[in-house]
Amino acid sequence: REVERSAALIRTRLDALLGVAVVRGLDVTIASVLIVIAVMTGACGQDTSTPRETLAAAPPAAPAPPANPQRNVRSAFYNFTLTTYMSLVPPPDRSRAGGSLTPLGDGFLLVTAAGEFFRLGWETGTDALTAERLALAAPFNRPDLLKSTGAELAAPFRITDLVVDERGGVSRVYLAHHHWNQDANCITLRVSAATLPASTDATAPWSTVFDSSPCLTVGDMWSTGEAADRGGGRLALDGAGGLLLSVGDYGFEGLGDKPAYPQTPDVSYGKILLLDLAGGAAPFSLGHRNPQGLFVDARRRVWSTEHGP
């Protein structure tokens with residue numbers, strides 16, 4: 001009876017609101033609404049509530065971060081999508097550790113801070129990168145320097161750049177890196193070369209193309225801090241069979257008791273050098289502080305960018 005009275009009351013109020021009698025064609029719909037409301041009304045007086053602690057739905061779990069996060073980078077001419085591959089290759093063991101990446105075929109060749117080489121390529125049918133470890137290893141003796149001098153003096157010692165010359169059907173790898181002369185206890189910026197093996201599990205001998213001069217004595221000329229980071233070390237093929245190498249001043253800027261190496265022609269530091277790949281080197285430009293950008297365009301114009309004071 002309680003349900004019937006409630007239904008009749010609701011129906012009367014609906015009729016009054018609509019201002020018309022219920023049309024037969026709508027009667028089933030209105031009746032359905034009334035039944036639902038009546039059943040809900042008939043439940044009054046019964047405690048059917050859900051306990052308060054279960055009323056609030058649990059917050060949704062946070063979505064897992066993407067494996068390769070992306071973000072847009074805007075420039076004056078182009079918009080880029082920057083994709084970060086978090087676990088494609090082993091991470092460096094310290095900040096500002098070095099390493100390099102260069103085009104190779106339709107992919108890339110990468111050398112890590114530890115001197116490991118990886119060939120990067122595109123996964124078939126996608127724009128995702130894959131990495132394949134090579135047996136080739138850089139002639140890089142930082143572990144020996146670290147053991148001898150400790151982390152502070154070994155911190156700026158790194159691999160600085162990498163290029164591949166693919167002319168003539170042979171991939172020739174050029175690597176710029178620091179080298180510790182253990183007997184003289186001094187460090188140079190060296191360029192080493194090797195022919196990239198066709199097989200991933202094959203190694204290749206390295207030859208020395210260039211060593212900077214003079215060799216920087218550890219703890220004296222080779223120091224720590226900001227000056228030690230002013231090393232340049234970028235490579236670029238000049239398009240005519242030569243190789244350009246930028247060399248920073250390593251703090252020898254002519255201030256205080258330091259000589260002005262950038263203005264001294266027969267010293268390697270503070271220069272962009274043109275290497276003839278047979279052991280010879282000549283200044284291409286001088287007066288540099290820390291040239292860490294080096295590029296040769298299609299018209300063989302050389303572009304360089306560097307850190308200022």
Checking [X] side chain against [Y] main chain: does a donor-acceptor pair fall under 3.5 Å?
X: Lys271; Y: Thr264; result: yes
X: Ser192; Y: Trp206; result: no
X: Arg142; Y: Ala114; result: no

Heavy atoms only: give me the nearest [X]-[Y] pair and the separation to one decimal.
X: Gly98; Y: Ala113; result: O-CB, 3.6 Å
X: Ala135; Y: Ala202; result: CB-O, 3.6 Å
X: Pro103; Y: Val164; result: O-CB, 4.3 Å
X: Arg234; Y: Pro291; result: CG-O, 4.1 Å

Return yes when atom CD of Glu166 has more than 12 non-hydrogen atoms of other residues, nucleotides or ligands closer than 6.0 Å, and no otherwise.
-> yes

For Arg301, does the CZ atom have more than 12 heavy-atom neighbours from other residues, nucleotides or ligands under 6.0 Å away?
-> yes

Decide whether [X] and [Y] are clustered together by the hydrophobic rule: side chain heavy atoms of Ile, Leu, Val, Met, Phe, Trp, Tyr closer than 4.5 Å, transitively.
X: Ile272; Y: Tyr174; value: no
X: Leu244; Y: Phe295; value: no
X: Leu101; Y: Leu129; value: yes
X: Tyr78; Y: Val73; value: yes
X: Leu175; Y: Leu235; value: yes

With sequence neighbours excluded, tell me which residues meet side-chain hydrogen bond (donor to acceptor under 3.5 Å, both in side chains) with Ser212.
-> Tyr269

Side chain proximity check, [X] to [Y], heavy atoms < 4.5 angstrom:
X: Leu243; Y: Val163; result: yes
X: Val302; Y: Leu294; result: yes
X: His177; Y: Val111; result: no
X: Pro262; Y: His288; result: no
X: Phe118; Y: Pro90; result: yes
X: Leu153; Y: Leu145; result: no
X: Thr83; Y: Asp127; result: no
X: Val296; Y: Leu237; result: no

Identify whether the distance between the nearest side-chain nitrogen and carboxylate oxygen of [X] and [Y] falls below 4.0 Å.
X: Asp249; Y: Arg289; value: no
X: Asp297; Y: Arg299; value: no
X: Asp229; Y: Arg158; value: yes

Residue that, paired with Trp180, satisfies side-chain hydrogen bond (donor to acceptor under 3.5 Å, both in side chains) out of Asp144, Asn141, Asn185 = Asn185

Would you call the rings of Tyr250 and Trp222 parallel, tilted or perpendicular, where under 30° means parallel and over 60° means perpendicular?
-> tilted

Under 3.5 Å side-chain donor-acceptor pair for Trp122 and Asp106 | no

Give, for atom [atom1] of [X] and atom [atom2] of [Y], the distance between the pair rounded to the nearest 0.5 Å.
X: Thr160; Y: His178; atom1: OG1; atom2: NE2; value: 6.5 Å
X: Leu120; Y: Thr130; atom1: CG; atom2: OG1; value: 7.5 Å
X: Leu88; Y: Leu110; atom1: CG; atom2: CG; value: 8.0 Å
X: Thr112; Y: Phe140; atom1: OG1; atom2: CZ; value: 9.0 Å
X: Met221; Y: Lys258; atom1: CE; atom2: NZ; value: 9.0 Å
X: Asp266; Y: Ser213; atom1: CG; atom2: OG; value: 8.0 Å

Do you know which of Leu189, Leu275, Thr188 makes side-chain contact (heavy atoms from CB on, under 4.5 Å) with Phe210?
-> Leu275

From CA spacing to verdict: side chain to side chain contact (heavy atoms under 4.5 Å, CB included), Asn181, Asp211 | CA-CA 11 Å; Asn181 183 325; Asp211 267 313; over 6 Å; no

Please walk me through it: do Gln70 and Asn68 pass side chain to side chain contact (heavy atoms under 4.5 Å, CB included)?
-> CA-CA 7 Å; Gln70 294 182 331; Asn68 302 317; 5.8 Å; no

